[in-house]
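Everything numeric here is computed off the predicted structure, so don't read it as measured data.
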Amino acid sequence: MNDFASTPGLILLPAVDVQGGKAVRLTHGAAGTETDYGDPIEAADNWLRQGAEWIHLVDLDAAFGRGSNAGILRKVIKHARGVNIELSGGIRDDASLEAALESGAQRINLGTAALENPEWTASVIGRYGEAIAVGLDVRGTTLAARGWTQEGGDLWEALARLDEAGCSRYVVTDITKDGTLRGPNLELLRELTERTDKPIVASGGVSTLDDIAALRRLVPNGVEGAIVGKALYAGQFTLAEALDVAGD
């Protein structure tokens, strides 16, 4: 652990996924697998009290194209002053992007649009820079789009194109791990850091403090942060404990 002192800490982003106005967690991102965790504002407030510096806030209904939780998301952002918000879900055109930016979120995570509309994505990356991240949701090395219901092409081709467009960072989710508490895909993360010099936020599978420590060891490689969801909601560890291991 001694080498950790000379490298930055791993940034942790506790997740608040919103569906039907409630904070939920899905397994493999699949509709119908949700566990209800109540009021999103209370969930965000809990992470805030435990020392969160970032919250990963997702509109699942918008991601699946079946509705919007924009009102409740704005309330969460307004309530969680003093914490940075990474906002994701259904942001696919100028109108939804502008609404997301105006909500007070510090970073917008593009998903489907980055795969289906590369020209628009390149233009908004050029316009907004660090405020735009791209979510790369994968099964193996095949990308998923439309709330993970459709295939979205090859991971490495998309990564090369987005690097060329100047994307500032990637939020990488292994769908086969998401919501399963089976540990992060460290192999995939290592390969990604070899193929891009942009920072990576890891997502999916974190279940123990040892997983946090393993991701922390990848910080020198380029893994900047990790999204933690089900493990926190299921009480595997507290956010305060995870932040301590992450070095924050």
Side-chain angles (χ1 to χ4, degrees), residues 1-16 44 46-58 77 80-88 104-111 114 125 128-138 155 159 162-163 165-174 177-178 183-232 236-248:
M1 299 283 283
N2 292 339
D3 58 333
F4 282 6
S6 61
T7 59
L10 179 75
I11 298 167
L12 295 184
L13 300 86
V16 179
N46 184 29
W47 307 145
L48 200 57
R49 286 197 309 270
Q50 290 189 56
E53 294 182 6
W54 279 88
I55 288 174
H56 181 72
L57 183 61
V58 184
I77 294 168
R81 284 183 181 156
V83 67
N84 296 304
I85 300 289
E86 178 178 85
L87 185 61
S88 183
Q106 280 67 39
R107 190 156 73 214
I108 308 303
N109 189 22
L110 301 180
I125 285 170
Y128 298 108
E130 287 280 330
I132 304 294
V134 169
L136 299 173
D137 303 334
V138 295
L155 169 62
L159 184 69
L162 289 159
D163 262 1
C167 182
S168 65
R169 66 179 34 75
Y170 302 102
V171 179
V172 179
T173 303
D174 182 342
K177 300 273 193 177
D178 190 66
N185 189 338
L186 301 175
E187 221 172 283
L188 173 66
L189 294 168
R190 285 192 195 96
E191 188 167 359
L192 279 157
T193 59
E194 289 168 5
R195 293 192 183 225
T196 180
D197 60 359
K198 300 299 172 59
I200 290 167
V201 176
S203 176
V206 171
S207 64
T208 66
L209 293 175
D210 285 344
D211 290 336
I212 301 288
L215 291 167
R216 173 74 174 84
R217 286 191 285 273
L218 292 180
V219 169
N221 301 55
V223 174
E224 175 186 70
I227 295 167
V228 187
K230 193 164 189 177
L232 290 173
Q236 301 285 105
F237 48 78
T238 67
L239 179 60
E241 289 169 336
L243 288 167
D244 188 51
V245 173
D248 289 345

Which value, rounded to the nearest 0.5 Å, describes the distance between [X] atom [atom1] and [Y] atom [atom2]?
X      : Y      : atom1 : atom2 : answer
Asp137 : Ser203 : CG    : OG    : 7.5 Å
Asn221 : Ile200 : CG    : CD1   : 9.5 Å
Glu53  : Leu12  : CD    : CG    : 9.5 Å
Leu57  : Leu87  : CG    : CG    : 5.5 Å
Leu189 : Leu215 : CG    : CG    : 6.5 Å
Leu13  : Glu86  : CG    : CD    : 5.5 Å

> Given the rule in the side-chain contact (heavy atoms from CB on, under 4.5 Å) test, do Phe237 and Asp244 qualify, once you have shown the distances and angles that lead to the verdict?
Replying inline: CA-CA 11 Å; Phe237 48 78; Asp244 188 51; over 6 Å; no
Write down the atom of [X], the atom of [Y], and the distance for their closest heavy-atom approach.
X      : Y      : answer
Leu186 : Ala214 : CD1-CB, 3.9 Å
Gly183 : Asp211 : CA-OD2, 3.7 Å
Leu232 : Pro14  : CD1-CB, 3.7 Å
Ala80  : Leu48  : CA-CD2, 4.1 Å
Lys198 : Thr196 : N-OG1, 3.1 Å
Val172 : Leu188 : CG1-CD2, 4.1 Å

> How far apart are the C-alpha atoms of Trp54 and Ile11, what are their side-chain angles, what is the distance that settles it, and do they pass the side-chain contact (heavy atoms from CB on, under 4.5 Å) test?
Replying inline: CA-CA 8 Å; Trp54 279 88; Ile11 298 167; 3.6 Å; yes
Excluding sequence neighbours, so at least two apart, what forms side chain to side chain contact (heavy atoms under 4.5 Å, CB included) with [X]?
X      : value
Ala133 : Arg107, Asn109, Arg169, Val171
Gln50  : Asn46, Trp47, Thr238, Leu239, Ala240
Asp210 : Thr208

> Does any N or O in the side chain of Ser168 come within less than 3.5 Å of the main-chain N or O of Ile132, such that one atom is a donor and the other an acceptor?
Replying inline: yes
> If only atom types and distance count, is the side chain of Gln106 paired as donor or acceptor with the main-chain N or O of Gly104 below 3.5 Å?
Replying inline: yes
Tell me every residue that passes salt bridge (Lys or Arg N to Asp or Glu O under 4.0 Å) with [X], counting only those two or more places apart in sequence or in another chain.
X      : value
Glu241 : none
Arg190 : none
Arg81  : none

>> I want to check something: taking the side chain as every heavy atom from C-beta on, are Leu162 and Leu136 in contact at a cut-off of under 4.5 Å?
In response: yes
>> Between Thr173 and Ile227, is there a side-chain heavy-atom distance shorter than 4.5 Å?
In response: no
> So Ile212 and Val228, side-chain contact (heavy atoms from CB on, under 4.5 Å) or not? Walk me through it.
Replying inline: CA-CA 9 Å; Ile212 301 288; Val228 187; 4.1 Å; yes
